[in-house]
Amino acid sequence: MRVFVTGASGFIGSAVVPELITTGHRVLGLARSETSAKALAAAGAEVLRGDLNDPAGLRAGAAETEGVIHLGFIHDFDNFEASIRTDARAIETMGGVLAGSGRPLVFASGVVGLVPGQVATEEVPFDPKAHPRAANAVVALGLAERGVRVSAVRLAPTVHGPGDHGFVKRLVDIARDKGVSGYIGEGRNRWPAVHRLDAGHLFRLALEKAPAGGVVHGVADEGVPTRTIAEIIGRKLGLPAASIAPEAAGAHFGWLGRFFAMDQPASSALTRQRMGWNPTHPGLVADLEAGHYTG
Ligand SMILES: NC(=O)c1ccc[n+]([C@@H]2O[C@H](COP(=O)([O-])OP(=O)(O)OC[C@H]3O[C@@H](n4cnc5c(N)ncnc54)[C@H](OP(=O)(O)O)[C@@H]3O)[C@@H](O)[C@H]2O)c1
């Protein structure tokens, strides 16, 4: 398949692109800068210069390919509403092109906030009121009714591996800054995780065989206690690990405090069974122990 990939130059996109190419697909990657364009070309992809805020480019990319993987997202937490609006427009634009074609549109989403305190399975529906991105996901999955083989890859909040610049990297930075590696309360709340390369593999499988309206879980570790994460980071940095009172979490962790306080284990049993996905790369604990984040 010739596949249009938004966010192809990102942390996960740079795993998805080689996964597609080495399995015989061709990639047309969206790049908004010369640097991203060069990285994509070096990875063997064709490049479409454009921006998530430019519908014409998205329309062209979706029109001239046989399927879309949508990973691009503006991670600007200070201007999150604008990011959500851009994402909604991008999904509508590309979905409109694919309507009636039966072609696949796979988009990245998350397991956070689905059923706090319980193990989230693939059968748990998105609650559009829970989070603006969940609302976008509901609209996106609705494209199934318009003849798009749309599917959601709900990722663990931590997609990890060398080069990660997400939540765990931020935790390490905060620990360095504060001189203590914190966890909230007793730190028994759990964070699911998946290695970036296993996530890349799952996006390819979803492209090839997820049904219209399907939801799969990019989750390898069902839930690592946050205290375990903090203790390994502390040991690796030579800093103490310590409990942070829930009421002090905002001051200590900033915007990350809200996420790090969540207990959101998630299962991928149905994904493994239905997609034949079998994560093989190191888990979060092994990756932390390997020192990628603290070396
Ligand atoms: N990483 C995780 O732990 C995690 C967990 C759950 C869900 N997700 C979701 O998975 C998806 C991919 O995440 P990621 O970690 O790979 O993100 P990332 O490393 O931040 O990459 C974001 C991608 O979006 C592109 N992009 C940003 N703004 C753009 C714009 N205005 N126009 C065009 N492209 C733009 C970036 O291009 P440049 O290279 O040019 O900057 C990059 O390719 C996102 O939807 C993310 O929210 C990630």
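Start at 1 and go down the list; that is how both ligands and their atoms are numbered.
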#### Entry: Glu19-His25 side chain donor-acceptor pair, cut-off 3.5 Å
no

### Task
Could you tell me whether Glu81 and Arg133 have a side-chain N and a carboxylate O separated by less than 4.0 Å?
no

### Query
Near Ser36, which atoms of ligand 1 are under 4.0 Å from a heavy atom of that residue?
38 (P), 39 (O), 40 (O)

### Query
Among Gly7, Gly166, Ala193, Ser14, which one has a heavy atom closest to atom 25 (C) of ligand 1?
Gly7

### Per-atom contacts, ligand 1 versus Gly72 - under 4.0 Å to a heavy atom
24 (O)

### Task
For atom 48 (C) of ligand 1, state which one of Leu58, Ile12, Val168, Val5 supplies the nearest heavy atom.
Ile12

### Message
If the test is ring pair (Phe, Tyr, Trp, His ring centres under 6.0 Å), which one of Phe167, Trp191, Tyr183 qualifies with Phe260?
### Response
Trp191

### Query
Would you call the rings of Phe73 and His75 parallel, tilted or perpendicular, where under 30° means parallel and over 60° means perpendicular?
tilted

### Query
To which protein heavy atom is atom 45 (O) of ligand 1 closest, and what is the distance rounded to 0.1 Å?
Arg133 NH2, 2.8 Å

## Note on the structure
ligand 1 atoms nearer than 4.0 angstrom to some heavy atom of Leu71 are 11 (C), 12 (C), 44 (C), 45 (O)

### Message
Using a 4.0 Å cutoff against the non-hydrogen atoms of Ser109, which atoms of ligand 1 qualify?
### Response
7 (C)

### Query
For Ala230, does its backbone N or O pair with a side-chain atom of Ser181 as donor and acceptor, under 3.5 Å?
yes

### Query
With respect to atom 6 (C) of ligand 1, which of Ala15, Ala156, Ala108, Gly110 exhibits the smallest heavy-atom separation?
Ala156

### Task
Test side chain to side chain donor-acceptor pair (under 3.5 Å) on Arg196 and Ser14 and set out the steps.
CA-CA 9 Å; Arg196 164 182 168 270; Ser14 57; 3.1 Å; yes

### Summary
Numbered in order shown, the ligand 1 atoms found under 4.0 Å of a heavy atom of Ser9 are 37 (O), 38 (P), 39 (O), 40 (O), 42 (C), 43 (O)

### Task
Could you list the atoms of ligand 1 found under 4.0 angstrom from a heavy atom of Ile74?
28 (N), 31 (N)

### Query
Can you tell me which residue and heavy atom of the protein come closest to atom 32 (N) of ligand 1, and the distance to 0.1 Å?
Leu52 N, 2.9 Å

### Task
With heavy atoms of Pro157 as the reference, note each atom of ligand 1 found under 4.0 Å away.
3 (O), 5 (C)

### Query
Are Phe107 and Val194 joined in one hydrophobic group, where the rule is that I, L, V, M, F, W and Y side chains link up if heavy atoms are under 4.5 Å apart?
no

### Query
With atoms numbered from 1 as shown, which atoms in ligand 1 lie under 4.0 angstrom from a non-hydrogen atom of Val159?
1 (N), 2 (C), 3 (O), 4 (C), 5 (C)

